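All values reported here derive from a predicted model rather than from experimental measurement. Values below: all heavy atoms of this structure, side chains included; hydrogens, waters and symmetry mates excluded.
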Amino acid sequence: MNNLKIANTKTHKTGNSVSVTLPKSTGFSSNEPVVIEKVDEDTLIIRRAHSHKNPWISGTYDNVDFRSQIDEIGFNVGNESRKGREL
């Protein structure tokens, strides 16, 4: 990982929390969900919460109608006949 210094800033109190303002040059937008990871005592990693690698989070499947696909293949979810001693 190549480290690139973007800016010097200070923490400030916001309610019962401590906040850091990210410069616009970081590419983050307002109200964007982020994940903060603590690497060690002096290092934090801030990354976008919506990873492009996970299609369930990235929105890839937002417009997929899974119910119609299940109906199309004839899989009777929740109403299958019993195979053993299920309740």
Which atom names give the shortest non-hydrogen contact between [X] and [Y], and what distance separates them?
{"X": "His12", "Y": "Thr21", "value": "CE1-OG1, 3.1 Å"}
{"X": "Leu22", "Y": "Thr26", "value": "CB-OG1, 3.9 Å"}
{"X": "Lys13", "Y": "Asn16", "value": "NZ-CA, 3.9 Å"}
{"X": "Ser25", "Y": "Ile6", "value": "OG-CG2, 3.3 Å"}

- Message: By the definition side chain to side chain contact (heavy atoms under 4.5 Å, CB included), identify the one residue from Ile46, Thr9, Thr14 that meets it with Val20.
- Response: Thr9

- First locate atom OG of Ser19, then atom NZ of Lys10, and finally report the distance between them rounded to the nearest 0.5 Å.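 One gets 15.5 Å once the value is rounded to the nearest 0.5 Å.
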
- Query: Do Ile36 and Phe28 belong together in a cluster built from hydrophobic side chains that touch within less than 4.5 Å?
  - Reply: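 Yes; tracing contacts between hydrophobic side chains, which count when under 4.5 Å, links both residues.
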
- Message: Do Leu44 and Val34 land in one hydrophobic cluster if side-chain heavy atoms of ILVMFWY residues count as linked below 4.5 Å?
- Response: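 Looking at the clustering, Val34 is in the same group as Leu44.
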
- Task: Please indicate whether Asp40 has more than 12 foreign heavy atoms, meaning atoms of other residues, nucleotides or ligands, lying under 6.0 Å from its CG.
- Result: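 Yes, enclosed.
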
